[in-house]
Amino acid sequence: MRKLVIALLLGSLLLVGCSSPSVIEPTEVEVVMEGNIYATPVDYPTTEKASVGFSPGKFTIGNFASGREADLPITLHNGGDKACTIAVAYRNPDFVGEGYVVAPKEAENWLVIPEFLLELKPKEKRETILTLDMPRDAEAIDNWEFWVSIKDASQTGMVQTEGCVRVFVNMLNE
Amino acid sequence: MKRKLLLSFTLALVLMLSLAIPVLAATSDEVTVTATPSYISISNLPATFDFATVDESGTPNTTTGWFTITNDSTVDIVVSIGCDGWAGTTPWTYGAAGADTGQLKASDNDGVYDVTVPNGSSAALHTTSTPGTNVLWELQLDCPTTFSHGAEQTTTVTVSAAAS
């Protein structure tokens with residue numbers, strides 16, 4: 001009986017070393033693709049296009065909360081015959097999906113963009129991974145949406161184009 | 001002696017379970033990221049339009065369908081439009097026509113000019129463009145009612161695409 005008690009105590013000590021139940025740390029997140037249309041996170045039209053593009057167009061983050069972070073891998077594509085500079089920036093949405101509100105003002109500070117300007121060679125595809133890192137003392141009650149602006153910064157004309165990644169953030173209900 | 005052993009065993013069991021249960025429950029709260037397969041890409045031509053010399057209270061415009069947005073996206077998109085206000089040596093104020101105040105309006109290939117192009121934000125220009133369907137659109141300038149100067153005015157118009 002004494003040996004059993006000692007064994008249980010040792011087992012408890014091992015579990016203490018393996019976990020920190022008072023803090024739920026974000027785990028390594030694998031980006032999952034909806035549906036089975038394309039096998040990889042990057043899908044491109046079968047015909048080569050001459051413009052600047054990116055994939056995917058939407059992300060949905062689940063179980064998000066203060067103190068957590070989520071990686072958003074975006075693949076940029078320069079389909080033109082000349083090098084270009086692509087600007088990546090946080091953007092407020094022009095509209096939101098049903099059940100979502102516009103992101104809190106502070107959310108712009110929660111998005112970590114590793115490179116705001118990326119130079120791509122002709123026909124080059126490159127991945128950039130943004131991270132949404134919500135501080136522990138931040139608050140967001142409703143599910144919210146923000147956008148990421150992807151723009152060819154080489155444009156000089158009066159009319160310019162921009163693409164936007166939509167990111168839906170679903171907060172963990174505690 | 002037996003009572004002490006039983007008490008020790010019970011305490012150890014409670015301690016072990018209190019530590020084990022959160023570990024076993026942690027996986028249901030993990031952050032998930034799901035990406036929707038989609039490629040977004042648009043381009044626009046021509047890249048400019050010169051309204052040239054304008055009159056007070058005038059409403060010069062491009063022809064209907066003057067601009068073409070080529071939609072190379074693989075999913076339905078929504079197209080928005082915005083601008084960054086007026087620039088020049090003596091810029092107008094951006095807004096409804098007034099003294100040295102003017103704005104742009106747009107429409108999607110019907111010549112109605114029912115979309116006021118906002119300054120610093122965006123308004124919906126075309127609600128749904130399916131993959132491979134281009135968007136034709138046009139611009140109109142609501143000139144100031146009075147000019148106090150003749151300085152050239154410029155602006156940058158941005159058309160944006162997002163998955164619908």
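Everything quoted here is computed from the prediction, not taken from an experiment. All chains are named by letter (A, B, ...) in the order of the sequence lines, taking the proteins before the strands, and each is independently numbered beginning at 1. In what follows, every heavy atom counts, from backbone to side chain, and hydrogens, waters and symmetry copies are set aside.
Contacts between B:Leu139 and chain A at a heavy-atom distance below 4.5 Å involve the side chain alone, from C-beta outward. Of the two parts of B:Val75, neither the backbone nor the side chain holds a non-hydrogen atom closer than 4.5 Å to a non-hydrogen atom of chain A. Neither the backbone nor the side chain of B:Thr154 comes within less than 4.5 Å of any heavy atom in chain A. Using a 4.5 Å cut-off between heavy atoms, B:Val78 contacts chain A through its side chain alone, with no backbone atom that close.
Using a cutoff of 4.0 Å between basic side-chain nitrogens and carboxylate oxygens, A:Lys123 and A:Asp81 are scored as salt-bridged.
Ring geometry for B:Phe147 versus B:Trp92: interplanar angle under 30°, hence parallel rather than tilted (30 to 60°).
With hydrogens and angles ignored, the 3.5 Å screen pairs no side-chain donor or acceptor of B:Asn119 with any backbone N or O of B:Gly95.
In terms of heavy-atom pairs under 4.5 Å with chain B, the best-connected choice from A:Val159, A:Asn170, A:Val165 is A:Val159. Among B:Thr156, B:Leu45, B:Val79, the residue making the largest number of heavy-atom pairs under 4.5 Å with chain A is B:Thr156.
With A:Trp147 as reference, A:Phe95 is the one residue of A:Phe95, A:Tyr100, A:Phe168, A:Tyr90 to meet the ring pair (Phe, Tyr, Trp, His ring centres under 6.0 Å) rule.
Between the side chains of A:Ser154 and A:Asp152, a donor-acceptor pair is found at a separation under 3.5 Å.
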